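Note that the structure is predicted; figures quoted are calculated from it, not measured. Chain naming here is simple, since letters A, B, ... match the order of the sequence lines and numbering starts at 1 in each. For the numbers below, each heavy atom of this structure counts, side chains included, while hydrogens, waters and symmetry mates do not.
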Number of protein chains: 2
Amino acid sequence: MGLIVQKFGGSSVANAERVMNVAQIVTETYRQGNDVIVVVSAQGDTTDDLIDKAHEINEKPSLREMDMLLTSGEQISVALLSMAIEKLGCPAVSLLGWQAGFNTTSAYGTARIKSIKSDRIKAELDRHNIVVVAGFQGINKYDDLTTLGRGGSDTSAVAIAAALHADRCQIFTDVEGVFTADPRKVENAQKLQEITYDEMLELATLGAQVLNNRSVEMAKKYNVEIEVLSSLKRVPGTIVKEVVKMEKMLVRGVTKDTDVARISVTNIPNIPGIAFKLFSKLAQKKINVDIILQSVGRDGTKDITFTVSKDNAQSAVDALQDFLDIDKSNITCDTNIAKISVVGAGMESHPGTASKMFEALFESNINIEMISTSEIKISVLINAEEADRAVSAVHRAFFPVS
Amino acid sequence: MGLIVQKFGGSSVANAERVMNVAQIVTETYRQGNDVIVVVSAQGDTTDDLIDKAHEINEKPSLREMDMLLTSGEQISVALLSMAIEKLGCPAVSLLGWQAGFNTTSAYGTARIKSIKSDRIKAELDRHNIVVVAGFQGINKYDDLTTLGRGGSDTSAVAIAAALHADRCQIFTDVEGVFTADPRKVENAQKLQEITYDEMLELATLGAQVLNNRSVEMAKKYNVEIEVLSSLKRVPGTIVKEVVKMEKMLVRGVTKDTDVARISVTNIPNIPGIAFKLFSKLAQKKINVDIILQSVGRDGTKDITFTVSKDNAQSAVDALQDFLDIDKSNITCDTNIAKISVVGAGMESHPGTASKMFEALFESNINIEMISTSEIKISVLINAEEADRAVSAVHRAFFPVS
C-alpha cells in the first residue's frame, strides 16, 4: 500500500450525487490501506458563475480581488467532499491552498507554485485522515490568496505528488484516458495504456485537452507517474510516464485543432533580421506564434507565413501593418483552416510516417496547405471543413480497423 | 476625521445593485477624509443555501467542515465589495477573518474572539486602503477556519472597533435605527436618538433583533459607541452608548415576543431546594428559563410557573415529569401567549411606569396572566392573539400620538 494522490475536476463534483461518487472512489482507495490525498476543483460552473458576478459589478476588477473571489469555489468543494467522506464513515479533513502549504509567486490569476510546505498534510496523514486539498490555489508572500490559472488543479495534484513522493497521481476526468483520436468522432479510436510526457505535451498542445500542460511539464521534471482515468467508469486509464513500452505503435494519436488562423505576408524586403524583428513585435504583444514558414518570393523579396490562435489573428494583422511599411494587400489572414497532427515518439526513427500521413490525405482528396514537423509530431494545415474527415482518414492509416 | 468601522449585513449586499449602494456609502465616508474599515456578512441567503448543500450530502456534517463551507460566503462578499469600491475609484483590499487577525477559540460554529492581531489591518490603512473584512469568521490555534455563529458579523465589527480604538462603529441594517416599538406595526413608533447598552440588551432579548446581543455586550465592555442606521435611507440612526441624555422619556421602547411557552407545575411538595434542583435539571438540558414565579399553593405545597422558548417547551415538560414524582395533570404548558415589555433605564426612579402599563392594558380589556419586573424593564404575559393590540395600547400610553 502507498500514498496516492487523486484529483477530481469540476464536472466530477458538480452536484451532491457526483460528490458522493467521488467519495466512494476515495474511500475505496483508503480502505485498501492507502494514504490518500484528494485534490478538487470548484464545482461545475461555479468559477464561471463567480466571474459573471464580478463582471456585473466591475468589468475590470483587480486580479487580487478576483483571486479572493474565485478561491471560494474550491473551498466549497473541499468542505462538501469531506462531508461526503465522513458520511461514508472515513475520517477526512479539508485544507485550503494556504493551509496545505502552497506557496506561490505573487502573480494573481496566473501564479506559479514556488514550494509546498507539507507539514500540515503530513500531520493529517499521520492522523489517518483522508486529506482533501483545494486545487488551483495558494498563497503568496503577502499572505494573499492566489490562483494558478485555468487547469491549475492538475498542477496542484502533481505538485503534491512530487513534494510527498506519492506512489501514483491519478487525474480523474470525464474521459477514460488518452485516446489515439477523439473517440466521439473517430471510429476505432483506441485508449492508450501508456504515453510519454513529451507525447502528452504534444497532444495537449494540439487540442486533446485531457491534462493541463503545466502539470505534465511538472510531472516530467519531478518524474511523477500520472494516471488519467474516468471518475464515472471504473476501468484502468492511461499512464503518463518517462519511458513507455513501445508496443507496435509508431504513432500515439491523431488530433485536430481548429483554433488556428494562418497569416501570410508576401513581398517583404529581403533585409537581414526582419523576421526576428517581426516576431519579437508579436511577442511584445503576447501573441503566441505556432508554425512558421519562410520562403523566398519573387524579385528577391521574402514570403512569411505563420499561424496564431484565432483570438490573436486581428491583433497580429494590426501589428504587422504598423510594423511593415507595405501594401495591405500583401497581408492575408485565413481563419477557415484546421491543424491535423500525428504524435508519437516512435516516429523519428521511422521515416515512413510522414508519407503515410500524406498518402492518407491524398487518397481522401484533401489538400495540404502547409506542413510542419518536429521529432515527435507531424502537423499539416488543411481546410477546416475537411478536418474531421482528415482525422478519420489519417487515423485509419495508422490504426487500421481490424 | 477619524477611523470609522462600518458593518453591512447580508441583505445590504444581497445583489450587485446593493453591493454598489454599500460601496457608495463606504467611499463617501472615505472621501470625507476618514480611515474606513468595512465588515460584511455573506450575501442574502448564501449561508442558508450552503447549509442546504451540505445537508443534501450529510445531515450531520462535522462542525469543522461546516465552518470551512460557510466561511466561503463572506469571502465572496468581501471580494465583490472591494471590486465595487475599486469601480468607484477608491483603493480597497479585502481580508478574510484570518488575514485580519481574528484569533478565536476552537469551538467550530460558535467560536469566540480571543484576540485581534491587527498588524495587517493597520498596514493596509497606512497604505490608505479601504479595508474590507469578512465578518463572522476567524481562525483557531490549529490554523483552521471558525465561525462566530449567527449574528457574528456584528461582533466582528465591534471587536475591530475596540481593537483599533475606532471613533465610531456603524452597524447598517434594513431599519433606520432602534424604535420605541416595531414601526411596521405600531402607529407613532419613534426612532430613538440614543439608547444605553443595557437598554439595547433588554430590547434585543425581547425580540427587537436589530443588534446581536454579544456585540452589544462587547461594545459595553470596551466602551465602543455604536450607531445603528439604515443602508438604504441616509438619515441619522440610533447611537448606543454608556450614558445617554435622558430626554423626557422614561421608556425606550415597547416590544413583544411571541416565542414564549409558559409551563406551570402545581402541588409540588414544599421541600427546601426543590426549585433549585428543578431548574438545574433544566439547565443541564440547556433549556434557558426566562421568567420564574413561585407561589405557595394549597395544603402547603408550591406552585411554580416559568417561561421557556417554544422550541424547548416539550423537552422542559418531559424533564419535569422525569424529575418530579407527581401527577401529570399537575403540569400544564401554554404556548398561546406573548410577552409584552417596556424597557427604559429611566423607569426605576419612576414608580408610575408599571401602573401606567397595566392601566393601558386594562383599558384595552387585555388580561395580564403573569408579571415580571427588573430595574430597566417590565414584562407581562398575555394571550398571543392580543399581542399587537397590547403593544399599540402600551406604546400609546407612553408615546401619545401628538
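- For A/Q284, the CD atom counts as densely surrounded, since its 6.0 Å shell holds more than 12 non-hydrogen atoms of other residues, nucleotides or ligands.
- Looking at A/Q99, the atoms closer than 4.5 Å to chain B (heavy atoms on both sides) all sit in the side chain, from C-beta outward.
- With a threshold of 4.5 angstrom between heavy atoms, B/T71 approaches chain A through its backbone and through its side chain.
- The contact between B/L50 and chain A is made entirely by side chain atoms (from C-beta outward), counting heavy-atom distances below 4.5 Å.
- Of the two parts of A/E74, neither the backbone nor the side chain holds a non-hydrogen atom closer than 4.5 Å to a non-hydrogen atom of chain B.
- The shortest distance between side-chain heavy atoms of A/E56 and B/V19 does not fall below 4.5 Å.
- Heavy atoms closer than 4.5 Å to chain A are found in the side chain of B/I139, but not in its backbone.
- Interatomic distance, CG of B/L96 versus CG of A/L145, reported as 5.5 Å (0.5 Å rounding).
- The contact between B/D144 and chain A is made by backbone and side chain atoms together, counting heavy-atom distances below 4.5 Å.
- Using a 4.5 Å cut-off between heavy atoms, B/A23 makes no contact with chain A at all.
- Looking only at heavy-atom pairs under 4.5 Å with chain A, the residue among B/D67, B/V78, B/I76, B/I57 that has the most is B/I57.
- A salt bridge links B/K87 with A/E59: at least one charged nitrogen is closer than 4.0 Å to a carboxylate oxygen.
- For the pair A/N58 (side chain) and B/A84 (backbone), a donor-acceptor distance under 3.5 Å is absent.
- When the heavy atoms of residues 116-133 of chain B are compared with those of chain A, the residues falling under 4.5 Å are B/R120, listed by number.
- Distance CZ/B/R64 to OG/A/S82: 7.0 Å, rounded to 0.5 Å.
- Closest non-hydrogen pair, B/A92 versus A/E65, comes out as O-OE2, 4.0 Å.
- Put simply, the side chain of B/E86 gets close to the backbone of A/S62: a donor and an acceptor are under 3.5 Å apart.
- In this structure, A/Q75 contributes its side chain and B/M68 its backbone to a donor-acceptor pair below 3.5 Å.
- Residue B/Q43 comes nearest to A/K53 through the heavy atom pair OE1-NZ, 2.5 Å, listed as atom of the first residue, atom of the second, then distance.
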